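Working notes for the structure below.
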Amino acid sequence: MIPRNPTEAHRNFFQEVHEVVRLVPPGRVTTYGAIAHYLGSRRGARMVGWAMMAAHTATAYVPAHRVINRNGQLTGRQHFATPTAMQQALEAEGVVVVEDEVQDFKTRFWDPTTELE
DNA sequence: TTTTTGACCTCAG
DNA sequence: TCTGAGGCCAAAA
């Protein structure tokens with residue numbers, strides 16, 4: 001659960017995104033859209049993607065490799081240190097990736113809207 | 001200050 | 001079913 005104090009209501013969209021991503025369990029993946037939906041902006045998926053780019057420079061660790069698009073594709077791999085870093089990170093957690101596509105994506109999917117109620 | 005551009009998604013036709 | 005346009009919000013130009 002993410003604490004939302006009234007005083008922190010103006011917290012950056014990025015911060016909230018980062019917090020949600022940090023809650024994704026190892027071996028599971030989520031999507032930009034799911035996060036956007038959880039944060040209220042149903043069509044703000046694009047913003048989530050932008051937030052992930054900022055996550056690279058964030059102070060706290062953010063498992064950005066667990067966030068992919070709704071097709072289960074690793075669209076953000078080019079933004080990692082190496083083009084294969086994202087896939088390797090996922091495989092290290094037991095996620096099978098073939099041709100930049102997560103296998104059994106449906107069962108690996110972790111939806112914050114339902115998991116965090 | 002205005003315009004353009006994103007690791008995307010949804011809706012209308 | 002498939003394709004195209006619009007939308008979300010912030011940062012860089």
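Basis for what follows: all heavy atoms, side chains included, without hydrogens, waters or symmetry-related copies. The shown structure was predicted, so the numbers you read here are calculated from the model rather than taken from an experiment.
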Next item on the list: Mind calculating the distance between CD (E16(A)) and C1' (dC8(C)) to the nearest angstrom?
Entry: 15 Å
Next item on the list: Just call it for R42(A): base, sugar-phosphate, or nothing, with non-hydrogen atoms closer than 4.0 Å on any strand.
Entry: sugar-phosphate
Check: In whole angstroms, how far is the P atom of dT5(B) from the CH2 atom of W50(A)?
Finding: 11 Å
Note to self: Heavy-atom count check: over 12 atoms from other residues, nucleotides or ligands less than 6.0 Å from H18(A) NE2?
What the structure shows: yes
Next item on the list: Calculate the interatomic distance between Q87(A) atom CD and dA7(B) atom P; express it in whole Å.
Entry: 19 Å
Next item on the list: Go through the N and O atoms of the side chain of R46(A) and the base of dG7(C), and report whether any donor-acceptor pair is under 3.5 Å.
Entry: yes
Next item on the list: For the pair R28(A) (side chain) and R108(A) (backbone), establish whether a donor and an acceptor sit closer than 3.5 Å, ignoring hydrogens and angles.
Entry: yes
Notebook entry, point to check: Separation of F14(A) atom CZ from dG6(B) atom C1', in whole Å?
Noted result: 10 Å
Next item on the list: Assess whether atom CZ of R22(A) is packed by more than 12 heavy atoms of other residues, nucleotides or ligands within 6.0 Å.
Entry: yes
Notebook entry, point to check: When you compare dG6(C) with dT4(B), how far apart are their P atoms, in angstrom units rounded to a whole number?
Noted result: 15 Å
Notebook entry, point to check: For dT1(B), which nucleotide in any strand shown is its Watson-Crick or wobble partner with both distances under 3.5 Å?
Noted result: none
Check: Between dA10(C), dC9(B), dA7(B), which nucleotide gets closest to the side-chain atoms of M47(A)?
Finding: dA10(C)
Next item on the list: May I have the distance from R43(A) (atom CZ) to dG6(B) (atom C1'), rounded to whole angstrom?
Entry: 18 Å
Next item on the list: Compare side-chain N and O positions of T75(A) against OP1 and OP2 of dC8(B) and report whether any pair is under 4.0 Å apart.
Entry: yes
Next item on the list: Using whole Å, report how far NE2 of H18(A) lies from P of dC9(C).
Entry: 17 Å
Item checked: Length of the line joining M53(A):CE and dT5(B):P, which is rounded to integer Å -> 14 Å
Check: Is there a donor-acceptor pair closer than 3.5 Å between any side-chain N or O of Q103(A) and the backbone N or O of E101(A)?
Finding: yes
Check: With sugar-phosphate meaning primed atoms plus P, OP1 and OP2, does A64(A) contact a base, only sugar-phosphate, or nothing at under 4.0 Å between heavy atoms?
Finding: base
Next item on the list: Starting at atom CE of M52(A), determine the distance to atom C1' of dA11(C), rounded to an integer number of angstrom.
Entry: 17 Å
Notebook entry, point to check: Ignoring hydrogens and geometry, is there a side-chain-to-backbone donor-acceptor pair from R66(A) to T30(A) under 3.5 Å?
Noted result: no
Next item on the list: Using a 4.0 Å heavy-atom cut-off across all strands, classify R70(A) as base, sugar-phosphate, or nothing.
Entry: sugar-phosphate
